[in-house]
Amino acid sequence: MFTSTYVRLPEARWALAALGLFLLALPLHLLGAPAWTWAPLYAATYVCGGWEPGWEGLKALREKTLDVDLLMVVAALGAAAIGQVLDGALLIVIFATSGALEAIATHRTAESVRSLLDLAPATATRLLPGGAGEETVPADTLAIGDTVLVRPGERVGADGVVTEGESEIDQATITGEPLPVAKRPGEEVFAGTVNGTGALRVRVTRDPADSVIARIVTLVEEASETKAPTQLFIEKIEQRYSWAMVTATLALFLIPLSLGATLDDTLLRAMTFMIVASPCAVVLATMPPLLSAIANAGRHGVLAKSAVVMERLAQIDAVALDKTGTLTEGTPRVTDIRPLPGSGLDEDALLALAASAEHPSEHPLARAITGAARERGLVLAEATDFASAPGTGVTATVKGRDIRVGAPARLFPGGATDLEASGRTAVAVLRDGTPVGLIGLADRPRPGAAATVAALTAYTGRSPVLLTGDNEAAARHLAAEVGITEVRAGLLPQDKATAVREWEQAGRKVLLVGDGVNDAPALAAAHTGVAMGRAGSDLALETADAVVVRDELATLPAVLDLSRRARRLVIQNLLIAGTFIAVLVTWDLVGHLPLPLGVAGHEGSTVLVGLNGLRLLRESAWRRAASTPELGP
């Protein structure tokens with residue numbers, strides 16, 4: 001976990017130092033070595049792990065705010081003062097490690113947002129006015145009205161409109177569309193998308209600082225800032241408890257002392273109170289169930305990034321799903337092969353003809369057609385005179401015949417209406433200028449997509465919503481296939497984020513599942529974001545709260561159910577921990593609680609709630625969550 005990058009963070013360095021010193025002192029202490037061998041190591045542990053939260057706590061105290069970390073440092077010092085050096089050192093190590101993990105999470109989020117800017121090219125080719133030539137300039141210096149040249153294979157330097165040329169643009173990072181989109185004069189292109197085989201001239205219509213990519217960065221940053229781990233209510237409870245604990249400890253020390261009690265007895269009772277009133281058991285009551293659920297989910301291919309995420313999953317009451325790469329596999333497959341009457345071709349012959357012509361092409365549709373031919377064991381003929389025309393298709397000579405494969409709108413107008421209406425991408429095949437057949441392609445749903453949608457519907461009490469940048473026909477066809485009733489298609493990244501924010505403002509706790517850079521703002525805006533791991537973009541994986549590592553959709557309902565079971569265990573543990581604290585504190589206040597018994601009760605409650613939480617580590621816990629999910633939010 002602590003790679004060289006993270007070790008450079010001061011919180012991580014101090015936590016590592018405290019942990020190392022503690023692990024050196026612990027065996028010496030437990031084996032009965034002389035105090036001079038382990039006492040300095042414990043002292044160094046206190047310093048390394050406690051000085052930073054202690055200092056920050058003192059600064060907060062100047063603002064009349066009592067920091068819980070400062071309270072724990074004081075409790076650790078109090079434990080040491082009455083001889084419980086080991087307990088105090090362990091407390092220091094726990095809180096130092098927690099602070100380091102929080103710093104690492106913040107650092108990773110910032111790095112992932114900054115890495116998004118790498119999608120946009122650093123330079124662009126700007127055309128000089130009056131045909132005076134061209135110049136290479138930094139992309140961030142482009143201004144509205146400039147014209148840039150985008151050569152084949154280059155990334156588009158700015159948001160703009162095509163003024164000259166035809167090509168195909170891979171804009172999956174922005175819209176999530178699985179296939180390159182044909183671009184002609186008058187059509188919009190986005191910074192960071194990848195040009196195909198044609199050269200384009202693009203007139204800049206947005207300032208680089210206001211491009212879609214730049215807006216994605218802003219949206220992710222803003223949404224991430226709204227996900228503070230500590231809500232206002234919890235902060236108030238912490239403040240009240242902290243002040244009450246400090247006040248009670250001082251009262252237990254000063255009042256009896258002023259009435260003539262001995263210093264040793266008074267200090268012992270006050271420090272005993274400090275220990276038994278310590279919220280360690282409460283903290284542990286929360287973490288083991290959540291961490292056990294995280295570990296169990298991780299073994300089955302779902303990585304929840306923190307205990308807070310697992311707790312949030314238990315609150316979900318609405319689900320929104322991306323289409324391409326999430327509900328679908330993200331790659332086109334041949335679904336229909338239709339030889340035309342009079343062509344003299346059957347399905348295999350038509351597919352072999354198209355695949356022979358497409359074989360030299362690297363286009364995703366060409367790869368799908370040639371892949372389908374290989375799956376059928378068809379023999380492909382050699383193609384000569386191959387040529388590719390962006391937005392139209394390919395031409396080649398196969399067995400002495402002129403074969404054209406491409407968009408029906410250009411080659412065979414009106415011939416593929418029913419295929420396109422059903423959400424397919426249609427490809428026409430012409431032989432010597434005469435249409436001989438149509439091939440339909442589609443992005444197939446993932447295995448178990450329909451069952452997952454049904455389980456999520458049962459879990460939340462409402463059908464998931466499909467959010468996609470793809471076209472309306474393809475989106476509705478897939479939705480009908482997997483059982484989704486509400487569809488929002490043709491969405492840009494900010495549109496997805498806006499939809500999620502609207503639901504959140506209406507009081508829903510939205511789970512958003514996506515995989516692309518275009519999903520990142522919505523992932524950040526959602527109550528909980530889940531990314532598909534195998535094909536997911538780096539930013540989506542970093543922005544999401546959880547990752548489905550093996551892209552198995554069926555694990556989602558099980559993880560949601562597991563999180564609810566973890567929440568129930570948290571409530572049980574809080575009741576157990578609260579009961580122990582109440583009994584021990586009352587005993588110390590109204591009677592005489594021996595220090596060893598107080599420590600035993602405190603540690604006993606900690607062990608009890610820990611073991612209760614670890615029940616979710618068992619394999620049977622996952623099987624139960626996967627087979628008998630709870631219904632309703």
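For the numbers below, each heavy atom of this structure counts, side chains included, while hydrogens, waters and symmetry mates do not.
Within the 4.5 Å cutoff, side-chain heavy atoms of P557 are placed close to those of T452. Residues L327 and L478 are in side-chain contact: their nearest non-hydrogen atoms beyond the backbone lie under 4.5 Å apart. When side chains are defined from C-beta on, R404 does not count as touching V394, because their heavy atoms never get closer than 4.5 Å. Using a 4.5 Å cut-off on side-chain heavy atoms (C-beta onward), W622 and L562 make contact. Side chains of I439 and V429 form a contact here, defined as non-hydrogen atoms less than 4.5 Å apart. D170 is not listed as a side-chain neighbour of T193, based on a closest heavy-atom distance of 4.5 Å or more. N612 is listed as a side-chain neighbour of L569, based on a closest heavy-atom distance under 4.5 Å. L467 has its side chain within reach of L491: a pair of non-hydrogen atoms, C-beta onward, lies under 4.5 Å apart.
Considering every non-hydrogen atom in both R567 and A314, the closest pair reads NH1-O, 3.5 Å. Smallest separation of non-hydrogen atoms from D317 and G507: OD2-O, 4.2 Å. Nearest heavy-atom pair, V194 versus G153, reported as atom, atom and distance to 0.1 Å: CG1-O, 4.1 Å. For the residue pair V482 and A449, the shortest heavy atom distance occurs at CG1-CB, 3.9 Å. In plain terms, the two heavy atoms of I369 and V334 that are nearest each other are CA-CG2, 4.0 Å. Nearest heavy-atom pair, G325 versus D443, reported as atom, atom and distance to 0.1 Å: N-OD2, 4.4 Å.
In summary, E504 and R508 do not engage in a salt bridge, as defined by a charged side-chain N under 4.0 Å from a carboxylate O. Between D561 and R624 no salt bridge is recorded (no basic side-chain N to carboxylate O distance below 4.0 Å). Taking 4.0 Å as the cut-off between side-chain N and carboxylate O, E347 and R376 count as a salt-bridged pair. Taking the charged nitrogens against the carboxylate oxygens, D519 and K496 do have a contact shorter than 4.0 Å, which makes a salt bridge. At a threshold of 4.0 Å, the pair R446-E329 does not count as salt-bridged, since none of the basic side-chain nitrogens sits closer than that to a carboxylate oxygen.
Here A381 pairs with S356, V398, K399 under the side chain to side chain contact (heavy atoms under 4.5 Å, CB included) rule; sequence neighbours left out.
One distance of note links CG of L560 with CG of L456; it measures 6.5 Å at 0.5 Å rounding. To the nearest 0.5 Å, the span separating CD on Q505 from OG1 on T498 amounts to 9.5 Å. Summarising the geometry, atom OG1 belonging to T528 is positioned 6.5 Å from atom CG belonging to L511; distances are rounded to the nearest 0.5 Å. Here the CZ-CZ distance, from R367 to R374, works out to 11.0 Å after rounding to the nearest 0.5 Å. Distance check, rounded to the nearest 0.5 Å: CD of E358 to CZ of F386 gives 7.0 Å. Taken from CD1 in I316 to CG in L512, the straight-line distance is 10.0 Å, to the nearest 0.5 Å.
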Inset, instruction - For the pair L466 and E486, evaluate side chain to side chain contact (heavy atoms under 4.5 Å, CB included) and give the outcome as yes or no after the intermediate values. - result: CA-CA 6 Å; L466 181 61; E486 184 176 348; over 6 Å; no

Legend entry - Chi angles and distances behind the side chain to side chain contact (heavy atoms under 4.5 Å, CB included) call for L556, V548: CA-CA 8 Å; L556 283 175; V548 182; 3.9 Å; yes

Inset, instruction - Tell me, with the steps shown, if F190 and E188 meet side chain to side chain contact (heavy atoms under 4.5 Å, CB included). - result: CA-CA 7 Å; F190 304 108; E188 188 176 20; 3.7 Å; yes

Inset, instruction - Could you go through the side chain to side chain contact (heavy atoms under 4.5 Å, CB included) check for L350 and D348 one step at a time? - result: CA-CA 5 Å; L350 176 62; D348 284 353; over 6 Å; no

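Looking at T370, its side chain never comes within 3.5 Å of a backbone N or O of H359 through a donor-acceptor pair. A donor-acceptor pair under 3.5 Å is formed between the side chain of R155 and the backbone N or O of G192.
A cation-pi arrangement is present between R564 and Y459, with the terminal nitrogen or guanidinium carbon under 6.0 Å from the aromatic centre and inside a 45° cone about the axis.
Using a 3.5 Å distance cut-off with no hydrogens or angles, the side chains of N195 and S167 do pair a donor with an acceptor.
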